[in-house]
Structure formats: structure tokens, C-alpha cells
Trainee: 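Pasting in a structure now, in C-alpha cells, and then I'll have a few things to ask.
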There are 2 protein chains.
Amino acid sequence: MNIGEIARRAGVSRSTVSYAISGKRTVSEATRRRIQHVIDELDYRPNANARALKEGRTRTIGLVIPPASRRLTDMQLDFVAAVVDAAAHADLDVLLSPSGGDHDRSFERVVTGRRVDGVILMEIRLEDARVGRLQQAGLPFVGIGRTSHPDGMWWVDIDYTALIAKCVNHLADLGHRHVALINRSAELVAAGYGPAHRALAGFKEAIRRRGITGVDYCCADDSAAGEACLQQILREHPEVTAAATINEAALPGIQRALESAGLTVPGDFSVTGVAASHWAENFRPQLTAADVPALDMGAHAVSLLTECISDPDAAPKHLLLTPPISLRGSTGPARR
Amino acid sequence: MNIGEIARRAGVSRSTVSYAISGKRTVSEATRRRIQHVIDELDYRPNANARALKEGRTRTIGLVIPPASRRLTDMQLDFVAAVVDAAAHADLDVLLSPSGGDHDRSFERVVTGRRVDGVILMEIRLEDARVGRLQQAGLPFVGIGRTSHPDGMWWVDIDYTALIAKCVNHLADLGHRHVALINRSAELVAAGYGPAHRALAGFKEAIRRRGITGVDYCCADDSAAGEACLQQILREHPEVTAAATINEAALPGIQRALESAGLTVPGDFSVTGVAASHWAENFRPQLTAADVPALDMGAHAVSLLTECISDPDAAPKHLLLTPPISLRGSTGPARR
DNA sequence: TCGATTCGTCGAATCGGTTCGACAACGCGG
DNA sequence: CCGCGTTGTCGAACCGATTCGACGAATCGA
């Protein structure tokens with residue numbers, strides 16, 4: 001079932017079979033048909049490894065995801081799905097590599113094994129050794145997120161700074177004078193996770209601009225932590241009348257804490273932030289929030305990657321998305 | 001940066017370098033060290049495609065997931081994560097292929113391109129053309145789930161029949177005489193999705209055994225559908241005092257419908273079923289449910305796959321899991 | 001009718017590894 | 001000192017494709 005077998009049965013040379021398949025040289029209609037017939041009969045498909053070896057490219061992209069042990073957020077999952085889908089449409093295969101630490105075998109294999117033509121790197125931290133590793137290896141890659149100095153790299157990111165600022169402005173417009181930010185987990189912040197840092201920066205800046213007061217809390221990515229976190233906020237800062245969050249997994253807990261404190265939304269307390277649409281829609285009333293366009297991001301990342309694979313010396317491009325905030329029911333005028 | 005370059009710099013032949021790396025023949029300590037030194041210096045790693053070509057195996061497994069367009073359930077996601085993790089531990093790479101229809105290019109590439117040594121096939125339907133395709137291609141594979149005649153194949157599955165029967169028995173023991181099954185979506189049932197069919201079979205059988213009455217409903221995989229579904233049940237069958245479900249995404253909606261109907265859990269209405277732990281824990285009170293051991297399943301699937309790759313003629317093995325039901329707070333005696 | 005194109009096909013080289021058979025150097029027992 | 005087994009290394013074949021240069025046959029213009 002290799003190309004030689006096809007050639008033998010069709011009574012031609014191996015190169016003729018190759019040209020008949022690729023169309024890179026003219027082959028007479030008669031032999032083309034004869035070859036195609038044998039191919040169909042034997043259900044032949046060229047060996048991808050042999051082809052990759054000779055051509056020097058694999059038609060495969062690597063997708064480096066956070067380690068499986070840490071539960072992926074819904075946004076990240078949407079993103080993975082979008083990348084896989086977009087890649088499939090471009091006839092690219094996707095090699096998955098779970099990688100968290102800066103040195104693990106799976107990542108090394110992807111980087112140095114010449115198994116992929118390029119890489120999409122998720123969950124980039126402000127300082128990320130993997131970026132350097134990829135650059136050093138000369139492997140084209142697109143980051144989801146960006147380091148603190150992203151000038152030399154290709155990336156797609158969401159402007160958390162602007163989004164959280166928008167949320168704060170929205171709350172301030174509604175008369176809230178004391179607001180809270182419910183951030184991602186302390187570990188992620190300590191690890192230099194970009195969205196957490198940038199959201200915090202946007203929060204502080206917006207607070208300052210609007211002359212209101214703000215408190216910020218880290219919160220693990222689960223509903224129990226969200227519940228505890230909001231309870232803590234209510235206890236330590238009873239003046240707070242609204243919260244913004246980028247921690248979607250905390251939302252059910254936030255909801256429960258508000259309910260058990262006897263606070264109605266949005267009458268007594270407003271909630272807003274950034275969340276995948278299905279979390280926003282599961283909140284009651286539905287959450288006024290920026291919908292992360294994970295599907296678009298995935299598609300964009302793939303198309304940027306194909307671009308920088310085909311022209312590695314091109315000037316790096318990037319895409320900073322600021323999705324609009326959908327006004328649903330969870331924000332309202334501050335209680336007096 | 002190929003093996004010839006290493007050989008040249010170390011002053012040995014290419015084969016010696018290969019043997020020094022693989023250890024398949026003895027190499028003197030002195031040359032081994034010299035070669036290793038050059039390798040470290042140049043950060044050399046053998047080309048995975050060339051190796052795969054010669055060795056006839058790729059050290060890569062394919063993971064065929066439902067198409068990205070359809071949102072994966074949390075259980076499926078846990079499962080993907082588990083497979084990726086287990087594969088990484090076994091130094092295997094994972095090639096992802098989204099495939100739903102029986103004929104798409106991505107799946108065909110995986111099956112016929114000799115890019116993978118074996119495949120893990122998710123979301124198998126009772127009649128699944130992909131199973132036949134894989135068997136015909138002679139590619140080792142392990143199914144997550146099983147067809148209606150799974151004798152010739154390797155698989156790992158959850159015994160939904162037994163689980164739902166257990167749930168019904170539990171409810172019957174608590175005195176419930178009228179129970180409902182909230183199944184997955186009608187489309188999945190129509191497509192012959194195994195868990196949906198087997199859960200229904202288990203439900204009907206258990207109902208009959210215990211001499212109680214049961215109604216079953218299909219429900220799309222989202223909370224809005226769950227809410228609508230439970231409302232419909234309450235309206236059409238007000239005698240029902242308990243529900244079992246395998247539709248975790250419907251749980252928040254079920255909760256909301258119960259709340260807005262003024263029913264308390266478990267005082268007025270009991271809920272149980274099969275759900276990933278985080279859905280069960282987000283229910284209030286927490287859901288009495290079978291926790292799907294997705295992580296174990298993933299690990300088992302990978303280890304079965306490596307086994308059937310190394311010995312394709314072995315008698316097929318399989319694993320039918322019946323996880324225990326964790327008693328939490330969402331079930332109680334039937335209301336009078 | 002002859003030389004120049006064009007067309008279709010072939011053989012051989014190549015990609016970067018692995019692996020088999022051969023063989024020289026060496027140590028050892030008799 | 002000879003024959004033998006062991007050890008370390010090498011050269012060459014091979015995996016399955018792609019691709020380049022060459023070449024015979026058909027076609028064309030002059």
C-alpha cells in the first residue's frame with residue numbers, strides 16, 4: 001500500500017504516480033485515470049511521515065494548553081474547540097501538548113521534534129520562558145495572550161484592561177461609589193498571568209479616574225471560592241455595592257453568597273465582568289458582561305499562524321480584541 | 001542539525017550516533033560522551049518524522065472528539081484532559097481530530113495517513129460507521145462507549161443502565177412512586193447515542209421491577225432547556241416527586257424551575273443522576289449522584305490502547321465502570 | 001523535411017533517521 | 001603463538017514519499 005505498489009499496478013513509475021496525485025507536472029489523461037483507478041481500488045493514501053520528511057513541513061500545528069491537572073476554564077475550552085475547528089477547515093491537524101512548567105518533555109518534543117509547522121501557545125504569562133524557547137528554536141508561533149514585552153511576537157489577546165475599565169465606568173455611571181474586583185486565583189497572579197494583572201491594572205486606573213474606591217480580591221476558580229470571596233467582601237467592606245469579575249467559575253458562588261446575605265440583584269448589589277456567554281446566561285438575572293469571542297479568537301489565531309508559517313520573516317502581527325459589553329439584567333443604580 | 005552533522009562533529013559515523021542515542025548496541029564510554037557533548041551543544045533532537053518513517057510507528061495517538069461546533073459536555077472535557085495527561089505520561093503525543101459525520105477529511109487523514117499508532121474514539125453511537133472504518137483500516141483503537149455489538153472491539157464505558165437503575169432504586173427506597181428521567185437531547189437519542197439509550201433502558205427496567213411509574217423526557221444540553229423541561233414535567237405530571245438525569249448541563253435550569261415552582265429540595269422534590277462532580281457540587285443542596293470517573297477512564301483508555309497497539313491480535317479487552325453514587329443532600333423521602 | 005518545442009514519463013537523488021552485516025582490534029585460554 | 005569470542009565502529013540498505021534532470025516521442029513552424 002505504498003506508492004511503489006500503486007505504480008506497479010498501474011504500470012508506471014513512482015514519480016508518475018506522485019505527479020498524478022499532486023498535479024505538479026502534466027500527466028496524460030489516460031494514465032491519470034488508470035492511476036486514480038488503482039488508488040481508489042486500494043484506498044491508497046500517501047504516508048504522511050514520508051511526505052513530511054521530504055517536504056520539510058508537516059501540515060500540523062501544535063496547540064500548547066495548560067496542564068490538564070489544572071481545570072481549564074470554559075473560555076479556554078471554547079478556544080481550544082475553535083482552534084481545532086479552524087485548523088480542520090484549513091486541512092491542518094492539531095497536536096495537543098499539555099505544558100505548564102517551563103521544562104517538560106511534551107513541550108520539548110513539540111518544539112524540537114519537527115513534528116509541527118507552528119505552534120499556538122495558550123495562557124501566556126507576563127514572563128514566559130516558553131516564548132523564548134520557541135523563538136530560539138525558530139518555530140513560528142502565535143500567542144493567546146502576550147508577555148509584558150510582546151513586540152517581537154505574533155499574538156491575539158483580549159484587552160482585559162479596557163474591559164474592566166468599561167465595567168467600572170458602567171458601574172460608576174450607575175452611581176456606585178464603592179466597587180470590588182474579583183480576580184482569578186492568587187497562584188495565577190503570582191505566576192504573572194497576564195489577564196489577572198491587566199484586569200487589576202485596568203481596575204485601579206478606572207477607579208482613580210472616576211474618583212471612587214475599589215477593593216480587589218483573588219479568588220480560586222470554583223464556585224465555593226466565589227461564595228467565600230463575596231462573603232469576605234461583604235464582611236470586610238460592607239460599603240461595596242457592586243463587583244466586577246473575570247472569574248467566571250466563581251459566578252455561581254457569588255450568586256449564592258448574595259442570596260444568603262439577602263441581597264437582591266441588581267437592587268441591592270450589581271455584578272458585571274467578563275465571562276463566556278453560558279456563564280453569563282446562567283446567572284440570575286443574566287449577567288451584564290463582555291462576552292469573550294473565543295471562537296473568533298481561535299479562528300484568528302489559526303489564520304495568523306498560517307500566515308507567519310508561510311512568511312516567517314514578516315513583521316509580527318497581532319490582534320487586541322475589546323468585545324462589547326452586553327447589557328443584561330445584573331447591574332442597576334446603586335442602592336442608597 | 002541532523003544526525004550527519006552530529007556524526008561529523010564527533011568524528012564518528014551516523015550509525016554510531018544512532019546507537020549512542022538509542023543504546024541498542026554498545027558504544028564505548030569515550031565516544032558516547034563525545035557524541036553526547038556535541039548533541040548538548042547543538043541542542044539536537046532527532047527528526048520525529050524520519051524516525052517514524054523508518055520505525056513504522058509514530059509514538060502518537062489520535063483522539064477523535066465530537067465536532068467542536070457541538071459544545072462538549074464537561075464530562076467529555078474531563079475525559080479529553082485525562083487522555084492528554086495520560087498520554088503525556090507515557091511519552092505519547094496526541095493528535096486531535098474533530099469528527100462527527102461519518103465522512104470527514106480530518107478523520108480520514110487520521111485513519112489512513114499513518115500519522116498515529118492508534119486511536120481513541122469518543123462518543124460512539126450504537127451504530128457507528130467509524131468503528132467499521134477503523135477496523136477495515138486495521139488501525140488499533142479503543143472506544144469510549146460501545147456500539148450495540150461491541151464484541152470485536154476494545155472499549156471503556158460507563159454502565160449507564162446500572163447507574164440509572166441504582167438511582168431509581170434509591171428513589172423508590174425513599175418512597176417515591178412517580179419519577180422522571182431527564183435524558184440528553186432528542187437529536188442525540190435519534191442519532192443512537194449509547195448513554196442516552198442505555199440510561200433509558202435502565203430506567204424503564206428499574207421502574208418495572210419496582211412497580212412504580214416513570215416518565216422520560218429528552219432535554220437539550222443547556223440550562224434553559226433544563227428549566228423548560230422540568231416545568232413541562234411538573235405541568236404534565238404533577239404526581240412526579242423525583243427526577244433522575246444524565247444531563248448535567250440541565251441541572252442549573254432544573255434548579256431554577258424548582259425554585260420558581262416553590263418546591264424545596266429534597267423536601268418537595270428529589271433530584272439525582274449522573275454528573276461530573278463540579279456540576280453536582282454546584283447544585284443546592286449538593287446533588288446525590290454518580291460521579292463519572294472521567295480521569296480514570298482516560299487513563300484506562302490510554303493504557304488499553306498501548307496494549308492493543310503492542311499486540312493487535314490479542315483478544316479485545318474492555319472495562320465497564322459502575323461508579324458509586326455519592327449521597328449528598330438532594331434526595332429525601334417522598335412528600336406525602 | 002528538418003530542427004525546435006512541448007508533452008509525458010522515467011530513473012535517481014534526497015529528506016533524516018534506524019538497523020543489519022561486516023570487520024578490525026583486542027583479550028584470553030590452550 | 002594461534003584460534004576464538006567479544007567489543008566497538010563503519011558502510012550500506014531501507015522506510016515512502018517528492019522532485020529534478022534527462023530523454024524519447026509527438027507536434028509544430030519554417
Trainee: Do the side chain of A/H300 and the main chain of A/D296 share a donor and acceptor less than 3.5 angstrom apart?
Mentor: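 Checked: pair present.
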Trainee: Going by atom types alone, do B/T31 and B/S28 pair a side-chain donor with an acceptor below 3.5 Å?
Mentor: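 A donor-acceptor contact under 3.5 Å links the two side chains.
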Trainee: Could you tell me whether the side chains of B/T16 and B/S13 share a donor-acceptor contact shorter than 3.5 Å?
Mentor: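 Yes.
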Trainee: OP1, OP2 of C/dG16 versus side-chain N and O of B/N2: anything below 4.0 Å?
Mentor: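 Indeed, a polar side-chain atom of B/N2 lies that close.
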Trainee: Using the side-chain hydrogen bond (donor to acceptor under 3.5 Å, both in side chains) rule, pick out the option among A/E127, A/R125, A/H197 that qualifies with A/S148.
Mentor: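 Testing A/S148 for a side-chain hydrogen bond (donor to acceptor under 3.5 Å, both in side chains) against A/E127, A/R125, A/H197 leaves exactly one candidate, A/E127.
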Trainee: Verify the contact: side-chain N or O of B/K24 to OP1 or OP2 of C/dT18, cut-off strictly under 4.0 Å; return yes or no.
Mentor: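 No.
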Trainee: Between C/dG11 and A/S15, counting only base atoms on the nucleotide and side-chain atoms on the residue, is there a donor-acceptor pair under 3.5 Å?
Mentor: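 A donor-acceptor contact between them is present.
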Trainee: Would you kindly give the CD1-to-P distance between B/I3 and C/dG17, to the nearest whole Å?
Mentor: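 Result: 6 Å.
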Trainee: Without hydrogens or angle criteria, can the side chains of B/S97 and B/S106 be said to hold a donor-acceptor pair below 3.5 Å?
Mentor: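 Looking only at side-chain atoms, B/S106 and B/S97 do form a donor-acceptor pair, the distance falling under 3.5 Å.
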Trainee: Among side-chain atoms of B/T58 and B/D117, is any donor-acceptor pair under 3.5 angstrom?
Mentor: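 Present: a donor and an acceptor within the cut-off.
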Trainee: Quick one: which of C/dG16, D/dA17, C/dG17 gets closest to the side chain of B/P46?
Mentor: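 Of all the options, the side chain of B/P46 is nearest to C/dG17.
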Trainee: Rounded to the nearest angstrom, tell me the gap between atom CZ in B/R114 and atom P in D/dG16.
Mentor: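 Rounding to the nearest Å, CZ of B/R114 and P of D/dG16 are 7 Å apart.
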Trainee: Under 3.5 Å, is there any donor-acceptor pair linking the side chain of A/R25 to the base of D/dT19?
Mentor: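 Answer no: no donor N or O sits under 3.5 Å from an acceptor.
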Trainee: Rounding to a whole Å, what distance do you find between A/K54:NZ and C/dA12:C1'?
Mentor: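 Going from NZ in A/K54 over to C1' in C/dA12 covers 11 Å.
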Trainee: CZ of A/R8 versus C1' of D/dG16: gap in Å, rounded?
Mentor: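 A/R8 atom CZ is separated from D/dG16 atom C1' by 15 Å.
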Trainee: Look at the side-chain N and O atoms of A/T16 and state whether any lies under 4.0 Å from the OP1 or OP2 oxygen of C/dT9.
Mentor: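 Checking C/dT9 against A/T16, no side-chain N or O comes under 4.0 Å of OP1 or OP2.
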Trainee: Can you tell me if B/T26 touches the phosphate of D/dG8, counting only side-chain N or O atoms and a distance under 4.0 Å to OP1 or OP2?
Mentor: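 Indeed, a polar side-chain atom of B/T26 lies that close.
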Trainee: Less than 3.5 Å between a donor and an acceptor, one on the side chain of B/Y19 and one on the base of C/dC20, is that the case here?
Mentor: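 It does, because a donor-acceptor pair links the side chain of B/Y19 to the base of C/dC20 below 3.5 Å.
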Trainee: Of all the nucleotides listed (D/dA17, D/dA13, C/dT9), which has the minimum atom distance to the side chain of B/R14?
Mentor: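 The answer is D/dA13.
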Trainee: Between P on C/dT14 and CZ on A/R51, what's the gap in Å once rounded to a whole number?
Mentor: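 Between P of C/dT14 and CZ of A/R51: 22 Å.
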Trainee: Nearest whole Å is fine: how far is C/dG16 C1' from B/I21 CD1?
Mentor: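 The distance from CD1 of B/I21 to C1' of C/dG16 comes to 11 Å, rounded to the nearest Å.
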Trainee: So which of residues 29-40 of chain B are in contact with DNA chain C, with a heavy-atom cut-off of under 4.0 Å?
Mentor: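 By residue number: none to list.
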Trainee: Decide whether A/S15 and A/S18 meet the rule of one side-chain donor and one side-chain acceptor closer than 3.5 Å.
Mentor: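 The answer is no; no qualifying pair exists.
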Trainee: Send over the distance from B/L53 CG to D/dA17 C1', rounded to a whole Å.
Mentor: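 Value for this atom pair: 8 Å.
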Trainee: Using heavy atoms to find the nearest nucleotide of DNA chain D for A/E55 and B/A50 separately, return the residue whose nucleotide is more 5′.
Mentor: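 Its nearest nucleotide lies further toward 5', so the answer is B/A50.
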Trainee: Distance check needed: C/dG17 C1' versus B/E5 CD, whole Å only.
Mentor: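 Atom CD in B/E5 sits about 15 Å away from atom C1' in C/dG17.
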Trainee: Counting the atoms with a prime plus P, OP1 and OP2 as sugar-phosphate, which does B/G113 contact under 4.0 Å by heavy atoms, base, sugar-phosphate, or nothing?
Mentor: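 Nothing: the residue B/G113, judged by heavy atoms under 4.0 Å, touches no strand.
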Trainee: For a quick check under 3.5 Å, do A/T60 and B/R115 share a side-chain donor-acceptor pair by atom type?
Mentor: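 The answer is yes; a qualifying pair exists.
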Trainee: What does A/S28 touch in the nucleic acid at a heavy-atom separation under 4.0 angstrom: a base, only the sugar-phosphate, or nothing?
Mentor: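 Contact class for A/S28: sugar-phosphate only.
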